[in-house]
Amino acid sequence: MGHIQLAANSGVLVSFGGRRVLVDGIYGKNRFFSPPLKEVQRAVFGMDSPYRDVDFLLFTHRHTDHFDAAYTDEYARNNRVRGIYVPRAGADPASFLEDRRPLPKAAEQGVLHELSPEKEQALSIPLWDDCAATYVPTRHLDVQTYAAVRHCAVLLSIGRVRLLFAADADWSPENRERFLALGPLTAVFITPLFLLHPDGRRLLEQIMPEQVVLYHLPFQRDDVTGLRAVAEKELAQSNPFRLTALMEPGQMLDGIEPWR
């Protein structure tokens, strides 16, 4: 039996068969999004927490609302982690919002994998039997501002379940081509801005996953931009695909058919 649970922001914990994967769950401060859960911070420093000893930490890119190098390195020191996968920092040292700091403790323990996937080619990483993470190079939203960041969508395949964490990917023609090449998808996790754009909606209608999940949302108390209202408006509309959202701390995602 598998479970998918929101930590905060775009941090999602996937559990299956006694293994756990945390995607974009250890990150820093950003005034537009909620801070990391206290339970995650407790785990970082080795204190009692349900987020202790996660097997694999996966990160889509190094922006500070998705990744924090110091916290991730401290997590590696205080927990039994089997692997940390994060795209290597981009070539531009002035890349906006990118956490370029090293992770010496994780590197010393041999669990750090800094990835440099080719621009046109996805990189598949076996995690355990019948499970793999595929890093798909993708263009970030607002490419003029964030062109320097190495951004990847992550496809987590566990048996028949295929979960695509699109993170901050946009709906550009190159992303469209790469997403369509992935084949059938169980669920696609996207920002509300992706669905709000006509080209993003059209792409989802072409992909037609079993479920589209809105995420990367602040909690109610932290919503200074009205992003939750955008998500709620989209949820109220009629869609050709099943649309849900992860918006509350610890919220579980229902409706993954092979796991029901």
Side-chain angles (χ1 to χ4, degrees), residues 8-12 23-34 57-69 72 84-101 113-123 125 133-156 163-182 185 187-204 206-207 209 212-218 225 227 230-231 234 246:
N9 195 16
S10 57
V12 178
V23 182
D24 283 352
I26 301 178
Y27 59 92
K29 292 182 178 180
N30 183 299
R31 64 191 179 96
F32 298 115
F33 295 99
S34 298
L57 304 179
L58 309 182
F59 297 94
T60 58
H61 60 303
R62 287 177 172 256
H63 278 169
T64 54
D65 55 333
H66 294 258
F67 169 75
D68 185 281
T72 302
I84 299 171
Y85 295 88
V86 58
R88 193 175 299 279
D92 184 358
S95 179
F96 187 51
L97 293 179
E98 191 172 29
D99 189 339
R100 304 174 59 84
R101 293 174 294 176
H113 305 273
E114 294 185 287
L115 308 175
S116 302
E118 295 297 328
K119 190 171 184 181
E120 304 295 335
Q121 189 171 354
L123 175 64
I125 303 158
T134 302
Y135 274 70
V136 183
T138 43
R139 200 175 83 166
H140 194 289
L141 287 162
D142 188 6
V143 69
Q144 287 78 18
T145 303
Y146 301 117
V149 68
R150 185 175 275 122
H151 182 281
C152 293
V154 173
L155 173 63
L156 186 62
L163 310 171
L164 180 64
F165 297 92
D168 288 329
D170 71 4
W171 43 82
S172 59
E174 53 262 48
N175 285 358
R176 174 183 173 277
E177 181 179 348
R178 289 166 194 165
F179 287 160
L180 290 173
L182 296 175
L185 298 171
V188 177
F189 296 74
I190 58 164
T191 71
L193 299 179
F194 191 106
L195 185 59
L196 191 63
H197 195 281
D199 289 343
R201 179 176 290 275
R202 277 192 290 269
L203 175 52
L204 291 169
Q206 287 182 287
I207 297 172
V212 174
V213 184
L214 302 178
Y215 80 146
H216 203 343
L217 290 154
T225 62
L227 196 56
V230 173
E234 294 296 332
L246 290 175

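Every heavy atom of this structure was used, including side-chain atoms; hydrogens, water molecules and symmetry mates were not.
Remark: Leu57 CG to His113 NE2 distance equals 11.0 Å, nearest 0.5 Å. With rounding to the nearest 0.5 angstrom, the CG atom of Leu115 is 4.5 Å from the CD1 atom of Ile125. To the nearest 0.5 Å, atoms CG (Asp65) and OG (Ser10) are separated by 6.5 Å. Rounded to the nearest 0.5 angstrom, Asn175 CG and His140 NE2 are separated by 11.0 Å. Separating the CG atom in Leu58 from the CZ atom in Phe67 is a distance of 12.5 Å, to the nearest 0.5 Å. Put simply, CD1 on Ile26 and CG on Asp68 are 9.0 Å apart, with the number rounded to the nearest 0.5 Å.
Here the side chain of Thr138 pairs a donor or acceptor atom with the backbone of Ala153 at under 3.5 angstrom. For the pair Tyr215 (side chain) and Ala167 (backbone), a donor-acceptor distance under 3.5 Å is present. The closest donor-acceptor contact from the side chain of Arg62 to the backbone of Pro87 lies under 3.5 Å. Not a single donor-acceptor pair under 3.5 Å links the side chain of Asp199 to the backbone N or O of Trp171. Side chain of Asp99 to main chain of Arg101: a donor-acceptor pair is present (N/O by atom type, distance under 3.5 Å, no hydrogens or angles).
Side-chain contact check for Ile207 versus Leu180: some heavy-atom pair is nearer than 4.5 Å. With contacts defined as side-chain heavy-atom distances shorter than 4.5 Å, the pair Leu227/Phe32 does not qualify.
Screening Phe59, Tyr135, Phe189 against Phe165 for a ring-ring contact (aromatic ring centres under 6.0 Å, His included) leaves a single residue, Phe189.
Around atom CD of Glu177, no more than 12 heavy atoms belonging to other residues, nucleotides or ligands sit under 6.0 Å away.
When all heavy atoms of Ile190 and Ala166 are compared, the pair lying nearest together is CG2-CB, 4.1 Å. Between Ala8 and Tyr27, the shortest heavy-atom contact is CB-OH, 3.3 Å. Residue Thr191 comes nearest to Leu214 through the heavy atom pair O-CD2, 4.2 Å, listed as atom of the first residue, atom of the second, then distance. Nearest approach of Pro137 to Pro117, heavy atoms of both residues: CG-CB, 3.9 Å. Residues Leu246 and Leu217 come closest through the heavy atom pair O-CD1, 3.9 Å.
Identified under the salt bridge (Lys or Arg N to Asp or Glu O under 4.0 Å) test for residues 141-155, with sequence neighbours left out: none.
For Arg100, the salt bridge (Lys or Arg N to Asp or Glu O under 4.0 Å) partners at least two apart in sequence or on another chain are Glu98. Scanning for salt bridge (Lys or Arg N to Asp or Glu O under 4.0 Å) contacts around Asp92 gives an empty result, with sequence neighbours left out. Legend: residues meeting ring-ring contact (aromatic ring centres under 6.0 Å, His included) with Phe179, ordered by chain and number and at least two apart, are absent. In this view, Phe33 and His216 satisfy the ring-ring contact (aromatic ring centres under 6.0 Å, His included) rule, not counting sequence neighbours. For Arg201, the salt bridge (Lys or Arg N to Asp or Glu O under 4.0 Å) partners at least two apart in sequence or on another chain are Glu234.
A donor and an acceptor atom, one from each side chain of His61 and Asp168, are located under 3.5 Å apart.
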